[in-house]
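Right, one structure below, let's go through it.
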Amino acid sequence: MVIALIAVMIAPASAGSQTAAARDIGVRLLDVPVAMRNDPRAQLYIVDHLAPGTIIHRRIEISNSTKAPVRIALYPAAAAIARGTFLGAAGHTPNDLSTWTSILPNTLDVPARGHMIATVTISVPSDAAPGEQYSVVWAEARSTPSHDRGVVQVSRVGIRLYLSVGAGGPPAANFAIDSLTAMRSQDGEPMVLASVHNTGGRALDMNGTLELSNGPGGLSAGPFPATLGVTLAIGETETVTITLNNQIPAGPWDSRITLRSGLLERTARATLTFPAAGATAPVITIPTRPGWLYPVGTILLVLLLGITTLIMLRRQVGHAPASS
């Protein structure tokens, strides 16, 4: 009897790391579309919007950090988003997107402490239905079964695929930070729960920070990073958690949260007071416009006032009585 011990890793939502690794193998995306070259999310995952009948190619690099060569199998499989988590399906479970995806070569003998390159091809059928689909490109290594127990160690690491299908440009991505809840964990740590609603047409991978100001004695604290790994499906609302320092006083605090997915960013404010235990009622947030809008708005207002004043002066001159 052969027993498989499996270690699984899908490339994380953090823009700070572009390599996913499980045990001793890693995989990273090498190609980013020119239009998305500044998008941190597109540097981690294959994210695209394609019309039916389109074919794209993306190179990936597979690395081996061990002291011996490793045989790697490459294959696509289904994925889904459920309860705020991007989930790769078990084994080679297919879906539409995985059947449109191929990898060449599909087997690599990666040298010790070396790396090799493969090409992922996605060919969207001409009759593909519109909408967004999810999949994973897996790189899998298996150990040789041991003679005494027949144990096989399976490590697989993957890159997420987010593919929107449809004519024209991609659906607009958007989200709203609905409320903030102050609470304490069972260990007494202060925490903030942000309720985030995906109001756009693309799935989102959330990250961001929380800052506190105008606290007791005029204290400020932060920024505190949001817990990574929350993925918002289209139309869904999920919770993003921020864990603070145990030394943070109860408050009240002026809180400012900034969340982003790729280049999309939203900021909101609320006044929070941390309870002695449990959680407070959710506080509805006040959206904050991006800072660059304020000077632009001021300039436009000044220009409008100037134009209005000039028109009024000209009218007054035009209607002034002629001197005798």
Side-chain angles (χ1 to χ4, degrees), residues 10-20 28-29 32-49 81 83-86 132 134 159-164 169-182 191-213 220-244 253-270 272 282-296:
I10 303 178
S14 168
S17 171
Q18 295 184 22
T19 303
R28 71 186 182 103
L29 182 63
V32 179
V34 174
M36 305 178 72
R37 63 183 178 275
N38 295 321
D39 187 336
R41 191 165 173 256
Q43 296 171 12
L44 287 168
Y45 316 131
I46 298 177
V47 182
D48 220 323
H49 172 78
I81 300 171
R83 298 182 297 279
T85 303
F86 189 99
E132 186 166 76
Y134 315 110
I159 292 180
R160 304 180 188 184
L161 276 65
Y162 297 81
L163 183 66
S164 169
N174 200 7
F175 68 92
I177 305 170
D178 294 334
S179 65
L180 298 181
T181 300
M191 305 172 68
V192 173
L193 308 182
S195 178
V196 186
H197 181 204
N198 185 344
T199 60
R202 304 297 304 267
L204 305 172
D205 294 295
M206 306 308 302
N207 65 86
T209 57
L210 176 81
E211 297 176 86
L212 301 177
S213 61
S220 297
F224 300 98
T227 301
L228 299 177
V230 176
T231 300
L232 268 70
I234 298 169
E236 295 297 316
T237 298
E238 300 292 346
T239 299
V240 175
T241 303
I242 302 97
T243 301
L244 284 63
W253 295 92
D254 289 341
S255 63
R256 180 178 184 270
I257 186 169
T258 300
L259 296 178
R260 63 188 64 86
S261 175
L263 297 176
L264 179 63
E265 180 177 293
R266 296 289 179 263
T267 299
R269 295 180 180 273
L272 299 177
V283 179
I284 303 301
T285 61
I286 301 173
T288 302
R289 294 185 299 173
W292 61 268
L293 290 177
Y294 289 101
V296 172

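Values below: every heavy atom of this structure, side chains too, minus hydrogens, waters and symmetry copies.
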Within the structure provided, determine whether [X] and [Y] are in side-chain contact (heavy-atom separation under 4.5 Å).
X      : Y      : value
Glu236 : Asn198 : no
Arg266 : Val196 : no
Ile257 : Val192 : no
Leu212 : Leu244 : yes
Ser164 : Pro171 : yes
Arg202 : Leu264 : no
Asn207 : Ser261 : no
Thr258 : Glu265 : yes

Quiz item: Could you go step by step and tell me if Ser255 and Leu210 meet the side chain to side chain contact (heavy atoms under 4.5 Å, CB included) rule?
Solution: CA-CA 7 Å; Ser255 63; Leu210 176 81; 4.0 Å; yes

Practice problem: Assess whether atom CD1 of Ile286 is packed by more than 12 heavy atoms of other residues, nucleotides or ligands within 6.0 Å. | Solution: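 Result for CD1/Ile286: open.
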
Please give me the minimum heavy-atom distance between [X] and [Y], naming the atom from each residue.
X      : Y      : result
Val32  : Gln43  : CG2-CA, 3.9 Å
Gly262 : Asp39  : CA-OD1, 3.1 Å
Ile81  : Ala203 : CD1-CB, 3.6 Å
Val230 : Glu238 : CG1-CB, 4.2 Å
Leu272 : Ala182 : CB-CB, 4.3 Å
Leu180 : Ala194 : CD2-CB, 3.6 Å

Self-check item: Side-chain donor-acceptor pair present, Ser220, Ser213, cut-off under 3.5 Å
Solution: no

Exercise. Please lay out, stage by stage, how Tyr45 and Asp205 fare under the test side-chain hydrogen bond (donor to acceptor under 3.5 Å, both in side chains).
Key: CA-CA 11 Å; Tyr45 316 131; Asp205 294 295; 4.6 Å; no

Quiz item: For Asp48, which residues count as a salt bridge (Lys or Arg N to Asp or Glu O under 4.0 Å) partner, sequence neighbours excluded?
Solution: Arg58

Practice problem: Look at the aromatic rings of Phe86 and Tyr162 and report parallel, tilted or perpendicular, splitting at 30° and 60°. | Solution: tilted

